[in-house]
Structure formats: C-alpha cells, structure tokens
Amino acid sequence: MSYWTLPDETATTALAQRFAAVVDGGLVLYLHGDLGAGKTSFARALLTALGVGERVKSPTYSLVESYRAGELTAWHLDLYRIADAGELEWLGLDALGDAAALVLVEWPERGAGALPAPDLVLELEHAGNGRRARAEPHSDRGRAVLGRLGEG
Amino acid sequence: MHISQLSNLPSKPVLGVESSCDETGVAILRWVPEAPGSGLLAHALYSQVKLHADYGGVVPELASRDHVRKLLPLVREALAQAGMTPADLGGVAYTAGPGLVGALLVGAAAARAMAWALDVPAIGVHHMEGHLLAPLLEADPPKPPFVALLVSGGHSMLVEVAAIGRYRILGDTLDDAAGEAFDKTAKLMGLPYPGGPALAKLAEQGRAGAFRFSRPMTDRPGLDFSFSGLKTQVLLAWQQSDQSEQTRADVARGFEEAIVDTLVIKCRRALEATGTGRLVIAGGVGANKRLRETLAAAGQQDGFRTYFPRLQFCTDNGAMIALAGAIRLAAGQGQDEAVRVAPRWDLQGLQPV
C-alpha cells in the first residue's frame with residue numbers, strides 16, 4: 001500500500017505523471033473516490049503523459065472513451081450513471097478483456113462482475129483543501145508498477 | 001437519387017426521430033425554405049428523466065428499452081396530430097450520432113425500416129447539427145453565417161456556422177460540460193436529479209455577491225472552457241458554510257453566475273473573432289433563464305442579435321432532427337439501406353449542403 005498527500009491539482013497531475021513513467025503495458029486501474037475527488041483529473045493527466053494527443057474530456061455522459069497512447073490502447077470509463085452492471089452489455093466492452101490494454105475505470109463498484117479484475121486500485125479522497133491518495137496492488141502487474149514507482 | 005424524387009421532396013413532409021439519450025422525440029416537418037417553422041406539422045416527445053431519477057442518472061439499458069416501448073406510439077401520435085397517414089411521408093430522418101449506441105440503434109433501426117417499407121429516402125442526422133439548426137424553427141430565423149453556443153449535459157462548444165453543413169468548432173470544454181457541471185454541483189449540494197434545473201431554480205432565491213467563484217479560463221485568450229475545478233470551489237464553500245437554506249441558495253447563485261459569466265465572456269470573444277453579429281444558443285443549458293437574460297443584455301450592449309429556440313426545442317427533440325434531415329433530403333442527400341450509427345462523430349466532418 002502506498003500513500004500520497006496531494007495539496008492541489010498540480011500535485012494530482014504530478015502523481016499521475018509518475019505513474020505514466022512506470023506503466024509499460026496493459027494495466028487495469030480502478031479509480032475510487034467521491035464526486036470531485038480528482039479521479040478524472042488523475043486519468044486525464046495519466047493519459048496525456050502516456051502520449052494521448054487529444055482532449056481527455058469527462059466520460060460521465062458518454063460513459064466510455066477510447067484513446068491511442070503511443071502503442072497502447074487505452075479505455076477510460078465512468079460508470080457513475082450506471083445502476084446495474086448488466087447495463088454494461090450495451091456498451092460493447094468485450095475489448096476491455098485485452099491484457100495489453102490500459103483500462104481506467106471510475107466508479108468501478110457500479111460495474112462489479114462485468115469488469116476485468118483490477119491490477120491496481122487507487123483511492124482518492126478529499127482532505128481539507130487538498131486530496132489524499134492511496135494505491136493498493138491486486139496482482140503481480142500492479143505490484144510491479146508500484147515497485148517501480150517506489151524506486152523512481 | 002432520382003431527379004423526379006428530388007423535385008418531389010420539398011413538398012412532402014419528413015418524419016424525424018430522435019433517440020440519442022434521454023428523450024424519444026418524433027416530429028413531422030414539411031421543408032419550407034423561407035420559413036422552416038411554418039412547415040412543422042407535428043411533434044411528440046417522451047422524456048425518460050423521471051424514470052431515471054430513481055437511478056441518479058441516465059441508465060443506458062433502461063434508456064434503450066424505453067425508446068423501444070415509446071417510439072412507435074409517438075410516431076402514431078405525430079401522424080395523428082398532422083392528420084396524415086404513413087403514405088403521406090416523403091422521407092425519414094433519424095439521429096445517427098453522437099450518443100449512446102444502444103439508444104441510437106433503436107431510433108436508427110426503426111426509422112430506416114420505416115423508410116424502406118414506405119419506399120422513401122432516409123437520412124442519418126448529426127445530433128448537434130439538429131441543435132445548431134433548431135432556432136430556424138422560430139419566426140425570423142437567423143441566416144448563416146452565425147456563431148452558436150451549444151451547451152448541454154454532454155457538450156459545451158462554440159461553433160461557427162459558415163453555412164448549413166459547414167461547421168467549425170471555435171472552442172470546446174477541456175473537461176466537464178456546462179450541464180454536467182450544473183448536475184454534479186447540484187449533487188454535491190444534496191439536490192435531487194436532474195440537478196441542473198433544480199440548482200438554477202434555487203439560485204433565484206440566492207443573493208448576488210454572497211459567494212463568488214472564479215470564471216475559469218477567462219483570464220487568458222482562447223475560446224475553450226473548463227468547468228471541472230468549479231466543483232471543488234463550490235464543495236469547499238458549501239462545507240465551510242453554515243449550510244442553511246439561504247446559504248445553499250447563495251452558493252447556487254454564485255455558481256450559476258460563474259458559469260453564465262464565463263459563457264457570456266467566451267460568446268463575446270467568439271463573435272468578435274468571427275466578425276459575426278448573430279449568436280444562436282442551443283442545447284439544454286440554453287433553457288437557463290439567467291443565461292438567456294445576460295446574453296440578451298450583452299447583445300444590446302455590443303450590438304449582436306441573440307436567437308433562442310423555444311424552451312422545448314432547447315432540449316432534445318424530434319423537430320430539430322426532422323428539420324436537419326429535411327434540409328439534407330431536399331439537397332439530394334440520403335443513405336443506403338444499412339442501419340448505421342456513430343456514437344462518436346466529428347461535427348466538422350459533415351457533408352456541406
């Protein structure tokens with residue numbers, strides 16, 4: 001388990017950039033946190049640092065967006081408006097099973113059972129005027145990413 | 001398309017079908033170039049907002065299922081309103097994107113099949129083009145070129161309309177759409193879904209100047225928007241307040257003023273940059289009273305004219321799809337028998353008319 005204190009959005013961006021530097025292939029990252037905790041800001045900074053050249057808008061209304069980040073295929077999901085995991089069938093998410101893809105999921109608890117298992121779970125929470133982040137690995141891939149992050 | 005068909009088209013009404021998100025909308029419109037609004041023969045709408053209220057948002061599966069249940073009864077209702085039978089139709093238009101894929105497919109499949117059965121042309125319409133052209137349904141419609149502010153739950157953009165079908169995106173949101181900012185901020189302050197309109201209503205009781213939030217990205221050049229950071233500002237202000245009912249209204253007022261001021265500043269810049277004297281406001285947030293009043297006042301001051309669709313054509317509806325489709329069908333455009341939808345679709349890549 002790793003912890004960070006993020007006094008402002010610049011700190012969230014910097015943390016995402018550190019993650020980007022150690023992501024070297026497919027990864028399933030769950031992003032937990034309340035509305036406004038910085039999940040989309042983190043995802044945007046991560047995708048941009050990985051080389052996505054276009055705008056990374058909030059996927060709250062579109063539910064899912066896909067990007068190319070260099071050689072990497074990336075998916076950015078926001079399941080905030082999903083009430084039941086069965087509804088995900090309509091989104092055609094079979095491609096998420098691709099082990100070589102980067103999959104970022106906001107509000108993953110709303111898609112329980114219909115999503116690939118996480119390699120890493122990042123929790124963001126409000127703390128005073130800033131945020132606190134906590135990352136927990138759930139697989140060897142996740143442990144490897146956190147290990148490299150610790151060395152960097 | 002056959003020339004005989006083309007010459008026939010403007011006089012035969014077009015059925016329009018909208019099903020990209022919450023609303024199932026159906027309308028019938030006869031293309032009258034000089035006064036498009038006069039050709040609107042019927043429009044029927046079913047909103048799923050109440051259905052979704054229990055779930056806190058738009059639920060894709062429910063949305064698709066409900067379009068299935070509502071679409072054909074709405075078509076019958078529209079035909080009855082117009083005093084017509086299906087055989088009187090000269091074409092069918094449907095929203096082909098952008099939107100939720102399951103919801104789009106319901107409207108597209110039904111509309112394409114109807115056109116095929118009636119042996120009339122069909123056309124897939126870009127949802128945002130529908131919004132852009134909705135003000136043409138009003139008396140004294142704006143003539144291109146004009147600038148359009150498209151603001152809804154999923155979009156915040158400024159678009160230059162050089163001609164019908166020729167669109168250039170001048171500015172776009174970097175993160176949250178304006179309507180999304182309204183909905184999420186409302187939720188943060190404990191209001192029920194759909195939060196945006198409720199927040200605006202609450203803001204009417206708020207005191208001006210009690211809370212002031214930043215006008216994002218107005219301190220630098222450019223026409224892009226960023227509304228995501230306002231959430232944090234509002235949340236902190238709300239949490240650190242006495243959380244009384246008056247304070248809730250004051251915070252709502254401060255938030256609404258920040259959004260409206262930002263939109264107005266960018267609209268003025270877009271008009272200046274394009275040298276255009278006409279501003280069209282479209283999309284669900286276009287129903288916001290303070291936005292309408294502030295833009296109208298800015299127009300009087302700067303000398304530009306504002307064009308608002310009536311409130312029911314600000315939000316998703318079938319009439320705007322019938323209109324955009326009728327214009328394109330009258331220009332000889334149409335498509336083959338395949339049912340195609342485009343959940344993501346660039347407005348700037350449309351075929352000119």
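The sequence lines fix the lettering, A, B, ..., with proteins before strands; numbering per chain opens at 1.
- Chosen from Asp224(B), Val234(B), Thr185(B), the residue pairing most often with chain A at heavy-atom distances under 4.5 Å is Asp224(B).
- Neither the backbone nor the side chain of Gln239(B) comes within less than 4.5 Å of any heavy atom in chain A.
- Looking at Asn129(A), both its backbone and its side chain come within 4.5 Å of chain B, counting heavy atoms on both sides.
- Checking side-chain atoms of Asp172(B) against main-chain N and O of Met157(B) turns up no donor-acceptor pair under 3.5 Å.
- Of the possible polar contacts, one joining the Glu18(B) side chain to the Ser20(B) backbone as a donor-acceptor pair under 3.5 Å is found.
- With Tyr61(A) as the aromatic partner, Arg81(A) meets the cation-pi criteria of under 6.0 angstrom to the ring centre and within 45 degrees of the ring axis.
- Taking the charged nitrogens against the carboxylate oxygens, Glu125(A) and Arg134(A) have no contact shorter than 4.0 Å, which rules out a salt bridge.
- Within the 4.5 angstrom heavy-atom criterion, only side-chain atoms of Leu235(B), from C-beta onward, approach chain A.
- Heavy-atom pairs under 4.5 Å with chain B peak, among Glu65(A), Lys57(A), Arg55(A), at Arg55(A).
- Residues Thr262(B) and Ser214(B) are not in side-chain contact: their nearest non-hydrogen atoms beyond the backbone lie 4.5 Å or more apart.
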